[in-house]
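From a predicted model like this one, the values you see are computed outputs, not experimental measurements. Scope of the values below: all heavy atoms of this structure, side chains included, with no hydrogens, waters or symmetry mates.
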Amino acid sequence: MRELRQVATGVWVATAQVWTSNTVVVVDDDGAALVVDPGITRAEVDGLVAAVEAHGWRVVAGLSTHPHWDHVLWSPAWGAAPRFAAPRAIAALAGDVERGWAEASATAPGHDRALFGALTPLPTADGAPLGSPVPLGSPVPLGPPAPRGCRVVTHDAHAPGHLALVTRGVLVAGDMLSDVEVPLLDVGPGGDGARAPRDPVADYRAALDALERAVEECEVDVLVPGHGAVAVGREAIARRFADDRAYLRDPDGSRDPRLADAWVAGEHAAQVAFLRSRATG
Ligand SMILES: [Zn+2]
């Protein structure tokens with residue numbers, strides 16, 4: 001069974017050993033639970049099912065922060081609950097689903113193909129699905145069946161239709177604002193630069209701006225990144241933003257300590273090569 005720790009009232013976090021991935025469970029007073037990015041290996045997802053059951057909660061919905069394979073997995077035990085994602089994320093995954101499933105099968109075998117990336121466009125509080133593209137403004141309220149007090153910010157940093165959840169003073173950031181990963185740009189599906197957005201650095205900066213506004217507006221004092229340590233307190237959160245902005249000012253010349261990790265260094269080298277090719281092409 002996975003260990004869940006409460007970071008704010010009704011907001012619980014489970015951290016996996018694989019890539020220090022964070023799963024978030026938001027629970028209403030009546031036990032209705034929203035699961036954000038349930039985990040990577042089949043054992044982790046099963047362990048989360050057991051932990052949710054042990055708490056006496058029932059999963060009413062899921063939320064997928066972005067269309068990368070490690071964020072669109074699910075458990076058959078929660079099969080009937082809708083799993084929400086931004087429309088742009090759903091479209092991006094649809095165009096790349098076999099590659100994603102192949103990566104999932106290689107790294108985390110045993111998942112159910114029928115559940116892989118089976119996502120529903122996210123509902124807003126007024127019942128209308130969010131249009132596309134979404135302006136980078138204030139967080140948009142999530143409607144039922146999501147627990148009360150959940151809002152989302154949708155942007156295009158790291159992946160198309162990436163969303164952050166803001167609830168109860170907590171920002172669930174997806175693959176951004178990590179203490180173990182530098183900003184990872186959207187350099188196209190599977191690194192196919194020809195299909196990358198026009199200016200992924202500008203997209204990333206715009207998303208950081210939107211998330212920073214959400215921190216102010218929603219009085220966020222806990223930040224949960226998709227991978228890495230939870231940041232507690234406004235100062236620690238501000239440092240995450242500052243570190244990511246510093247990296248983006250000059251990726252090529254960066255001496256960011258997060259580059260000490262071999263995997264991060266590899267991703268960094270690939271995106272620096274991408275940026276150089278864009279600059280000369
Ligand atoms: Zn990702």
Side-chain angles (χ1 to χ4, degrees), residues 3-16 19-28 34 36-37 63 65-66 71 86 125 134-142 146-159 162-185 201-251 254-261 264:
E3 186 201 332
L4 282 161
R5 57 192 198 284
Q6 194 167 206
V7 298
T9 305
V11 184
W12 299 72
V13 177
T15 303
W19 304 332
T20 50
S21 297
N22 291 313
T23 291
V24 171
V25 184
V26 181
V27 189
D28 236 334
L34 172 79
V36 188
D37 295 348
L63 195 66
T65 56
H66 64 288
H71 297 262
V134 180
L136 291 181
S138 295
V140 176
L142 261 184
R148 288 163 298 127
C150 288
R151 299 199 270 174
V152 293
V153 180
T154 307
H155 56 77
D156 286 322
H158 180 64
H162 193 169
L163 62 81
L165 170 68
V166 191
T167 187
R168 300 148 207 233
V170 182
L171 174 69
V172 182
D175 280 4
M176 296 179 71
L177 298 165
S178 167
D179 62 330
V180 295
E181 292 177 345
V182 295
L184 299 175
L185 304 170
V201 174
D203 291 342
Y204 213 106
R205 287 203 181 102
L208 288 175
D209 291 347
L211 295 181
E212 210 159 26
R213 281 197 303 273
V215 165
E216 283 298 322
E217 255 177 59
C218 305
E219 298 181 357
V220 166
D221 56 13
V222 177
L223 165 76
V224 184
H227 305 278
V230 173
V232 179
R234 293 299 278 273
E235 212 173 290
I237 293 170
R239 213 172 307 131
R240 295 281 174 99
F241 279 95
D243 288 348
D244 280 3
R245 288 188 196 285
Y247 175 85
L248 291 173
R249 272 194 292 277
D250 181 18
S254 178
R255 293 172 173 271
D256 195 301
R258 294 173 290 187
L259 297 173
D261 177 86
V264 175

>> Looking at every non-hydrogen atom in both residues, tell me the closest pair between R168 and P147 and how far apart they are.
In response: NH2-CB, 3.8 Å
> Under a 4.0 Å N-O cut-off, is there an ion pair linking D209 with R245?
Replying inline: yes
> Considering residues at least two apart in sequence or located in another chain, which fulfil the ring pair (Phe, Tyr, Trp, His ring centres under 6.0 Å) criterion with Y247?
Replying inline: H268
>> So which atom in L177 and which in A173 form the shortest heavy-atom distance, rounded to 0.1 Å?
In response: CD1-CB, 4.2 Å
>> Has D37 got a side-chain atom pairing as donor or acceptor with T65's backbone, closer than 3.5 angstrom?
In response: yes
> Is a donor on one side and an acceptor on the other found under 3.5 Å between the side chain of H71 and the backbone of H66?
Replying inline: no
> Can you find a heavy atom in the side chain of L63 that is under 4.5 Å from one in the side chain of L163?
Replying inline: yes
>> Applying salt bridge (charged side-chain N to carboxylate O under 4.0 Å, His left out), can you list everything that pairs with R258, at least two apart in sequence or on another chain?
In response: D244, D256
>> Using only atom types and a distance under 3.5 Å, with no angle test, would you say the side chain of R240 pairs donor to acceptor with the backbone of L223?
In response: no
>> Could you go through V26 and V172, starting from their C-alpha distance and side-chain angles, then the distance that decides it, and tell me whether this counts as side-chain contact (heavy atoms from CB on, under 4.5 Å)?
In response: CA-CA 11 Å; V26 181; V172 182; 5.9 Å; no
> Salt bridge between E216 and R234, side-chain N to carboxylate O under 4.0 Å?
Replying inline: yes
> Is the backbone N or O of T20 less than 3.5 Å from a side-chain atom of T15, with the two atoms forming a donor-acceptor pair by type?
Replying inline: no
> Can you name the closest pair of heavy atoms from L4 and V25 and give their distance?
Replying inline: CD2-CG2, 4.1 Å
> So H162 and H155, would you call those rings parallel, tilted or perpendicular, with 30° and 60° as cut-offs?
Replying inline: tilted
> With sequence neighbours excluded, what pairs up with A202 under the side chain to side chain contact (heavy atoms under 4.5 Å, CB included) test?
Replying inline: D199
> Got M176 and Y204 here, is their nearest side-chain heavy-atom distance under 4.5 Å?
Replying inline: yes
> So, do V36 and N22 sit near enough that their side-chain heavy atoms are less than 4.5 Å apart?
Replying inline: no
> Looking only at heavy atoms, what is the nearest atom pair of L165 and C150, with distance?
Replying inline: CD1-CB, 3.7 Å
>> Give me the atom names and distance for the closest heavy-atom approach of S178 to H227.
In response: OG-O, 2.8 Å
>> If you define the side chain from C-beta out and look only at heavy atoms, does anything of D261 sit under 4.5 Å from V180?
In response: no
> If you look at every heavy atom in V222 and I237, which pair is closest and at what distance?
Replying inline: N-CD1, 3.7 Å
> Is the CZ atom of R5 crowded by more than 12 outside heavy atoms at less than 6.0 Å?
Replying inline: yes
